[in-house]
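By convention in this document, chain letters (A, B, ...) are assigned in the order of the sequence lines, proteins followed by strands, and residues within each chain are numbered from 1.
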Amino acid sequence: MVGAGSAAGAALPGERVRISRLTRMLESEKLLAAALLAPGVVILVLFIAYPFVMAIWFSLTSIRVGDAGEFVGLANFTKAWSDTIFQVAFKNTVFYTFWATIFKFALGMWLALLLNRHFRFKRLIRASMLLPFIIPTVLSAFAWRWMFDPTFSVMNWLLFHSGVITDRLPFLSDGDWAMWCAVLVNTWRGMPFFAITLLAGLQTISPDLHEAAALDGANAWHRFWHVTWPLLMPVTLVVVVFSVIQTFSDFQLIYVLTGGGPANSTHLIATYAYQIGVASGLLGEGAALSLFMFPVLFAVVWVQLRFMKRMEGH
Amino acid sequence: MKRRKFLKASGAGIAATGLAGILAAYRAPVFAQANTIHILRWNDFVPAADKVLREVFAPEVEKALGIKLNVETVNANDIPARATAAIQSGSGPDIIMLLNNNPQLYAAGGVDVSDIAGEVGKSQGGIYGLPTSMCTVGGKWVAMPWATVPALISYRKSWFDEIGVKEFPKTWAAYHAAGKKLKAAKRPIGQTLGHTFGDAPTFAYPMMWSYGGQEIDAKGKVVIDSKETVESVRFMTQFWKDAHDEGGFAWDDSNNNRAFLSGDICATLNGASIYVAALNGADKFKTDKGAPLHTDILHAPLPSGPKGTFPYHTAFTHMVMKYSKNVKGAKEFLRWAHTPANYEKWIVVQKGFAVAPTSQWEKHKMWDVDPVMAPFRTAGRGGRHMGFAGAPGQKAAEAWNKYIIVDMYAQAASGKMKPEESVKWAAGELAKIYK
């Protein structure tokens, strides 16, 4: 304060005018808001907008590794659309997102309702439940891959020695099995996010409402359906939006668990775009493939946000 | 006064360290431009070889040339991604080890190493045909062949003996018959048909060629949709069902090693890494009768199809990157590493898993030590390139990176498609590349 005061005191008349102009500018709410938002906008432009614009530009060119290529218009998009592996990857992405989100939501809700009760070691259990979410995906996917190993799977070993199976189960070596294994691992990893967020939502609901409903004769299901669920809906929608975005653009889990195999049966858009763009060096085609995610995610988010807005209106 | 004293003293210090001279020359001081070479390679299946690079090559090349060698190793399947990122960003390792025909894909990112290839080839009996085709573009060497890992079948001799097969099958039909019996005895053949750099293409391409199938003709026209290819896929589908461990669809290059060493499979197409591991771990890896496992392992070439046998061996090459700020040092290092006295230190610990790219090394005394390794001695001579009978260029590399030939077999063997459909699918995918 002393320094600032003495500096201001020592300032020349011209500088004093400038300082007072700056103060006046900062007193304007609009300008202050702009100044405070600027760092965030710069980060967004540098790390989100710039790569996004570059991806659009790449997708319109024949750029490949070490060769800038030339403008090809929508050729990369039309090629991708007729690509049978991409078609499989697109269907897989929708399937994977749909089922993983359903399971994460159902199990997350169930877990949140359980954790909302009072029991011993409640805090410890709530904290430990977050472990799958905290462990880096690459590490947990590796651990699952070992558990599903075609030859040395501990699951097969357990099931075989407990007499449940007589032959190994093809966890990752059959396309359908591998896809469901991926859904399972994604559910295991993402369920805590649902549970903890829904739990936070549950704790904002006043117990008085439940008591009043109970006094009116509502059973547990009725209390959930008519009291808890409507009040939890906004939180649920936010969690589902986040989850759909993360699951639809998932890469790490599939890359480590199956690499998109066997025979492309578990490729997602992100893993296939990586194989084409990065591993094969066809950057333009890879960018076009990855951009197919954008309209789908945009539509999902738009519909859900509109729904939320309508709910808020009510 | 104190500040003045400090400035005076630091000024004297700067003068003593020659900052004025450095500034005048517009160059960083020598110690800041240390002659460092960053080389990116795979995690060698023979770990002792990586140890030689770090513990023998690094100190020796520093002593000999003043080059500080920084060796980084990663999973081989991750190298293409690293190479793409490095070339596009214009920064990364000075030398990148590339696999198979990837030098064709990254040709624009590598410097001309024809001088080194010329010297090494001339003084060491000539570079084999397969690595030559992988590393040359328009007669220019864009990468320097370092080694080749020949793919031969490692098999359990006693298990084949037990079913009355005293000599390893010479045809696919005979191998099928033997494999069927062995699978019935819970000793299947192990083979990956997954997305992995080595064992999958080294099996799938030769299988196609042995029946007379090929991706393209000499003019670059896609000819894969032929009765020969369909026949090979049909055979593989039945062969897989009757004789193979069906977990192979999800295997990478290391799964068959583990399955063989644990006694789960009777045979597998591989480099010699299984035998080398069994040899190094004689106390750990045993047969069911308690003998060291390596005493029950032999090697054989792939069986013949109706048109013969045409192997494919995995080439390992070094590309000196154009963006490197020390191209001269990188080339000096490669030249030094290929000097017989230095290269020998690396190649002998491979014990035949990797063979040199030049014929002179066939005469090395290491081949007299172990007769089990004898089939690897001259294996480097053979081999077709992917994209045969066309050029081994960028398009062939793209087809490999998309695993089109591997998937053609995997889709049929898994029952996902009929053999004819799978071949048609492959033809469609290749047509998009060779348009």
Tell me whether [X] at atom [atom1] has more than 12 heavy atoms from other residues, nucleotides or ligands lying less than 6.0 Å away.
X        : atom1 : answer
A:Phe71  : CZ    : yes
A:Phe242 : CZ    : no
B:Lys286 : NZ    : yes
A:Phe160 : CZ    : no
B:Lys432 : NZ    : yes
A:Trp99  : CH2   : no

[Y] side chain reached by [X] side chain, heavy atoms, under 4.5 Å:
X        : Y        : answer
A:Pro150 : B:Asn255 : yes
B:Lys435 : A:Lys79  : yes
B:Asp78  : A:Tyr255 : yes
A:Thr151 : B:Ile265 : no
B:Glu398 : A:Arg64  : yes
A:Gln275 : B:Asn401 : no
A:Ile85  : B:Trp425 : yes
B:Tyr403 : A:Asn264 : no

Taking every heavy-atom pair that is under 4.5 Å apart, which of [options] has the most such pairs with chain A?
options                               : value
B:Lys322, B:Met408, B:Arg258, B:Arg82 : B:Arg258
B:Ser262, B:Ala81, B:Ala410           : B:Ala81
B:Ala259, B:Gly109, B:Ala413          : B:Ala259

Heavy-atom pair of closest approach, residues [X] and [Y]:
X        : Y        : result
A:Ile63  : B:Gln88  : CD1-NE2, 4.0 Å
A:Arg168 : B:Asp264 : NH1-OD1, 4.5 Å
B:Pro80  : A:Ala279 : CB-O, 3.5 Å
A:Val278 : B:Tyr106 : O-OH, 4.2 Å

Closest-packed option against chain B by number of heavy-atom pairs under 4.5 Å, given A:Pro262, A:Ser280, A:Gly66: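 Option with the top pair count is A:Ser280.
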Calculate, to the nearest 0.5 Å, the distance between atoms [atom1] and [atom2] belonging to [X] and [Y] respectively.
X        : Y        : atom1 : atom2 : result
B:Lys186 : A:Asp167 : NZ    : CG    : 5.0 Å
B:Gln394 : A:Asp67  : CD    : CG    : 7.5 Å
B:Leu105 : A:Leu282 : CG    : CG    : 7.0 Å
B:Leu193 : A:Ser173 : CG    : OG    : 11.5 Å
B:Gln411 : A:Ser265 : CD    : OG    : 8.5 Å

Is it the backbone or the side chain of [X] that comes under 4.5 Å from a heavy atom of chain A, or both, or neither?
X        : answer
B:Glu246 : backbone
B:Lys402 : both
B:Asn102 : neither

Give, as side chain, backbone, both or neither, the part of [X] having an atom under 4.5 angstrom from any heavy atom of chain B.
X        : value
A:Asp149 : side chain
A:Phe171 : neither
A:Phe148 : neither
A:Ser153 : neither
A:Thr84  : both

